[in-house]
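Everything below concerns the one structure shown next.
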Amino acid sequence: MKHKLIELFRELSETIDYLKGFEPGFDIPKVEGHGDFATNAAMMLAKKTGKNPRLIAEEIKNAIKTPSDFIEKVEIAGPGFLNFFINPLYFSKIIVEIKDKNEKFGYFDFNKGKRANVEFVSANPTGPLTVGHGRNAVCGDTIANILERTGFEVDREYYFNNAGRQMRTLGNSVKLRYLQLLGNEIEFPDDHYQGEYIKDIAQKLIDRYGNSLVDDNSTVFKDTAEESIFEEIKATLLRLGITHSIFFNENTLYEDGSIEDCLNKFEALGLSFKSEGAVWLKLSEMGKEKDKVIVKSTGEPTYRLPDIAYHIKKLERKYDLVIDIFGADHIDTYPDVIASVSALGLEGEKIKVLIHQFVTILQNGEVVKMSTRKANFITLDELIDWVGSDVVRYFFNMRSIQTHMNFDLDLAKKQSDENPVFYLQYAHARICSILRLAEEQSIKAGYTNLHLLNAPEELKLLKKLHQYRDIIHRAATTLDAVVICTYLEELAGLFHRFYTVCRIIGSGKELEEARTALVIAVKFVLKDGLTLLGLTAPERM
RNA sequence: GUCCCGAUAGCUCAACGGAUAGAGCAUCAGCCUUCUAAGCUGAGGGUUAAAGGUUCGAAUCCUUUUCGGGACGCCA
């Protein structure tokens, strides 16, 4: 609808010359009396032209033909705002549009034919996913959903490393527990994985192999642990409706020579040098603060090198957009990766890194410091057990990605049935209930008398429905789902108010039909929005 | 010490540089013979951390300070 107003201004610029080349901005006023759309155009133009903003507003207003099918009236207010009041009939068209476009209503095609990759979670399989991983998982999956709405074909990717020191310690931890369970008195080191799940895995090995592994120095302990933990991780993610299409093992980069390749290229371009037995990357020549080591004096690469090689790999797969979802602890490392990739002549600007701040967990009024190694964590599974998958997803989505968030577990448990999630879902269930009754009484949606929808509650709903596509668009631009949550809460609120004021069944044939058409449209958008966020839209509650 | 985030109602969080800063939870007072009361209506609750600046206009942009989180490794 905004583009229609922008169009209008373009037409006006043919007669008012200071409008030439001017791009007006429109927003939806908070106060009802200020119309459906407002622009500060006159104030902006006042600077350029040196004219009084109210005078400019007057000239623009007089040039607009009112009332028309589109604009009912224009008012000038305050220092020079132009407030546009849209013809109510124009709003009701949205019901028909939603019906006609159906599944396509919440989709755009401006990224059609393009491919995107979203890498998220990417926790090494050393233990169960924690609540902290939950934020990463939910944000990543939702971003992927949003990108799909713009036409992107999206791959969801999980990057892991089963060869590093972490994993060796994991294997060792299992072995020690295995030996202990077999009755050996062994001290279990502090820096090993303390969790109970390690014992479970050890027990599994005893069940399967008895004591035959006591002298086994193969990777059987590590492999079993990895396999078992990965199964758990995938199962947890599945509970949240998350599945990755690609699991990328860091090892691949060594096996296929990517690491070697990458090193050679840096050397050939003079972007690396040797010092103190290590290989350094000349980040200072790529606009960064200081040089960093990419190969230790032991000959082992630092995490930086595979990270770079991995991103090169992703770019080589011809994605148009490569997104990484990282926690705040990676905030300083990714610029190095992008700079390096660009220095090698690849399109580093295709890589977008979304940093989410950490989740602070409060339990019994105290902050829980999470550590997988120390087995001091609340698992994502436990959280899902307590509040359910929908609440978990909504909770992480409803906060802007860059804000720190506090998660009070006691509160979450206590309030689980007074959560905003239920407010949204309840609106959907209520509509379903009405529609079931309508069906019984052979009431059908009618699209010929939509002008009857003129109660304030009805008009507000119609206007809100109009905003949905803009909201998705904004979520796609900002790569943040909060706006969708806020929107859905507003829509649900408007529906609940409509519901208490406007009866559907028994309001007379024509109004019944029009209102049925309206609630079908509301139901569609609610469900579509919930689906986009990865939540269910229950038909009964 | 340097750098990156953040600070908005009692709590958790919203608010393309716009007009009277909004929701949910919590508190208080009302509303079910009528499509689901997981709902609705109303009340109270704010110096938008502080101080300056930019301008017609600032929670939003700039500077400084305070507080919280995170990074500054030949850990990942």
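Small disclaimer: the values here were computed from a predicted structure and weren't measured. By convention in this document, chain letters (A, B, ...) are assigned in the order of the sequence lines, proteins followed by strands, and residues within each chain are numbered from 1.
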Please determine if [X] and [Y] form a salt bridge, counting it only when a charged side-chain N lies under 4.0 Å from a carboxylate O.
X        : Y        : answer
A/Lys51  : A/Glu59  : yes
A/Asp336 : A/Lys292 : yes
A/Lys61  : A/Glu58  : no
A/Arg373 : A/Asp190 : no
A/Arg515 : A/Glu458 : yes

field: Nearest listed nucleotide, side chain of A/Asn40, among B/G18, B/C35, B/C74
entry: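 When the side chain of A/Asn40 is considered, B/G18 is the closest of B/G18, B/C35, B/C74.
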
Of the listed B/A38, B/A76, B/A19, the closest approach to the A/His34 side chain comes from B/A19

So what does [X] hit on the nucleic acid, given a heavy-atom distance under 4.0 Å: a base, only sugar-phosphate, or nothing?
X        : result
A/Ala46  : nothing
A/Asp27  : base
A/Asn83  : base
A/Glu276 : base
A/Thr298 : nothing

Exercise. Answer with yes or no after comparing the ring centroid distance for A/Phe247 and A/Tyr159 against a 6.0 Å cut-off, counting only values under it.
Key: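 Distance test on ring centres: not under 6.0 Å, no.
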
**Item:** Close aromatic pair by centroid cut-off 6.0 Å: A/Phe9 and A/Phe26
**Value:**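 Between A/Phe9 and A/Phe26, the centre distance is under 6.0 Å.
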
Pairwise 5' ranking along RNA chain B for A/Arg503 and A/Val31, keeping only the more 5' one:
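Of the two residues, A/Val31 wins.
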
Of A/Leu362 and A/Thr500, the one whose closest nucleotide on RNA chain B sits nearer the 5' end is A/Leu362

Per the O4'-C1'-N9-C4 / O4'-C1'-N1-C2 angle with a 90° window around 0, B/C40 comes out anti

N/O (side chain, [X]) to phosphate O (OP1/OP2, [N]) under 4.0 Å:
X        : N     : value
A/Tyr423 : B/A23 : no
A/Lys30  : B/A19 : yes
A/Arg474 : B/C16 : yes
A/Arg497 : B/U41 : yes
A/Thr403 : B/A14 : yes

Should A/Phe81 be counted as stacked on B/A19, where stacking needs a ring-centre gap under 5.5 Å and an angle between planes under 30 degrees? yes

Strictly under 3.5 Å: I want the nitrogen or oxygen pairs between protein and nucleotides 69-72 of chain B, one per line.
from: B/G70; atom 1: O2'; to: A/Ala328; atom 2: O; distance (Å): 3.2
from: B/A71; atom 1: O2'; to: A/Asp332; atom 2: OD2; distance (Å): 2.5

_Please give the distance between the P atoms of B/U60 and B/A50 as a whole number of Å._
10 Å

Do A/Cys262 and A/Ile312 have side chains that approach each other closer than 4.5 Å (heavy atoms only, starting at C-beta)? yes

Here the residues of residues 426-434 of chain A within 4.0 Å heavy-atom distance, strictly under, of RNA chain B are A/Tyr426, A/Ala429, A/Arg430, A/Ser433, A/Ile434

Rounded to whole Å, the CE-C1' distance (A/Met398 to B/A23) equals 9 Å

Mind running ring-ring contact (aromatic ring centres under 6.0 Å, His included) on A/Phe160 and A/Phe230 for me, showing each step along the way? CA-CA 10 Å; A/Phe160 70 102; A/Phe230 237 135; 4.9 Å; yes

Under 3.5 Å: donor-acceptor pair, side chain of A/His428, backbone of A/Pro538:
yes

